[in-house]
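Okay, so here's the structure we're looking at.
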Amino acid sequence: MPAPDADALQPHPPGESPILLSLKSISKTYITGDVSVPVLHHVDLDIYDGEFLVIVGPSGSGKSTLLNIVGGIDLPTEGSVFFQNQNISQFNEQQLTRYRRENIGFVFQFYNLVPTLTARENVIVAADISDSPMSPEDALELVGLSSRVDHFPSQLSGGEQQRVAIARALVKNPELLLCDEPTGALDLTTGRMILEVLGNLNRELGKTVVIITHNSAIGQMAQRIVRIGSGTIAETQANPHPIAAQQVTW
Ligand SMILES: Nc1ncnc2c1ncn2[C@@H]1O[C@H](COP(=O)(O)OP(=O)(O)OP(=O)(O)O)[C@@H](O)[C@H]1O
């Protein structure tokens, strides 16, 4: 039997942790003029507090749409979204803004940093709109960027910029980190570093991490993998033996 890897995430059997967020029969149809595009079809999904979940699916399968609904960026056409037992699908714009601000940290493929602000200032902007932020310096230290806080995005590598983006998501102290192709613009080595940072935030701070990706290899480090295809959940798989981020390969 292989020796347990100290850096691997420990499995979180669903059912042992409380449900943080629940999608109940979610459907989404985009309507533009006379054209309607049905994207999600009666999706049910529970996200458990403190888990590391990877949602995998091909391009166009509805992953970003799903993530946007979980993150309160968009509303479902049908169905309900419960976050800690509050039905956020009935929230108005103001309530959704508050929900996102207090509970969700977003990490995207292209880091979306403000180019004229340093790493520290990019993180401070997010801290300033939060009710209970951690210190920007602590957030940057947690992603291993203490020595680069006064650098501008153009002076940082892609992986470093993504770490600033993670610190910016983290500084608000959110329950849930939602990551849309966080390694999509990075090479394998740098991508692994980013996965390692996300794994550490899950393991050490107990943050719930959800990654959506077309790269099924990332599922190897998850505690649970959800496969989405054509707007429905094709398979949900527990991963009893997650591997360390540094061993993930693609
Ligand atoms: N605002 C919109 N209006 C109309 N159609 C949309 C809109 N947003 C997404 N779609 C369509 O919904 C489908 C699913 O898109 P989505 O971005 O959720 O998929 P995805 O799995 O994240 O894809 P990718 O991996 O390529 O980002 C696609 O066919 C897309 O064209």
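One-based numbering, in listed order, for ligands and for the atoms of each. For clarity, every value in this text was computed on a predicted model and none was experimentally measured.
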**Report entry** For Ser59, the ligand 1 atoms whose distance to one of its heavy atoms is below 4.0 Å
**Finding:** 23 (O), 24 (P), 25 (O), 26 (O)
Report summary line: So the atoms of ligand 1 within less than 4.0 Å of a heavy atom of Val39 turn out to be 12 (O), 13 (C), 14 (C)
Report task. Pick, from Lys63, Gln109, His214, Glu181, the option with the minimum heavy-atom distance to atom 25 (O) of ligand 1. Result -> Lys63
Query raised in the report: Are side-chain heavy atoms of Val70 and Val210 found at a separation under 4.5 Å?
Result: no
Query raised in the report: Donor-acceptor pair, Arg163 side chain versus Val143 backbone, under 3.5 Å?
Result: yes
Query raised in the report: Are any of the N or O atoms of Gly60 closer than 3.5 Å to those of ligand 1?
Result: yes
Query raised in the report: CZ of Arg168 to CD of Gln162: how many Å apart, nearest 0.5 Å?
Result: 8.5 Å
Query raised in the report: Hey, is ligand 1 close enough to Ser61 that some N/O pair sits below 3.5 Å?
Result: yes
Query raised in the report: Of Thr65, Asp180, Leu40, Leu66, which has the heavy atom at the shortest distance from atom 15 (O) of ligand 1?
Result: Thr65
Query raised in the report: What do you think, any protein heavy atom under 4.0 angstrom from atom 31 (O) of ligand 1?
Result: no
Query - Contacting atoms of ligand 1, where contact means under 4.0 angstrom from a heavy atom of Ser64 - result: 17 (O), 18 (O), 20 (P), 22 (O), 27 (O)
Query raised in the report: Is it true that Glu175 and Lys207 have a side-chain N and a carboxylate O under 4.0 angstrom from each other?
Result: no
Report task. Could you tell me whether the side chain of Val209 reaches within less than 4.5 Å of the side chain of Arg203, counting heavy atoms only? Result -> no
Report task. Look at Lys28 together with Asp74 and state whether they make a salt bridge at an N to O cut-off of under 4.0 Å. Result -> yes
Requested in this report: Pull out every atom of ligand 1 sitting under 4.0 Å from any heavy atom of Pro58, numbered as shown with elements.
Outcome: 21 (O)
Requested in this report: Before signing off on this row, confirm whether Gly62 and ligand 1 have an N or O atom pair separated by under 3.5 Å.
Outcome: yes
Query raised in the report: Is there a donor-acceptor contact under 3.5 Å from the side chain of Glu160 to the main chain of Ser157?
Result: yes
Query raised in the report: Of all the non-hydrogen atoms in the protein, which one sits nearest to atom 6 (C) of ligand 1, and at what distance?
Result: Tyr30 CD1, 3.2 Å
Query raised in the report: Pick one: which of Lys172, Arg98, Arg101 meets salt bridge (charged side-chain N to carboxylate O under 4.0 Å, His left out) with Asp131?
Result: Arg98
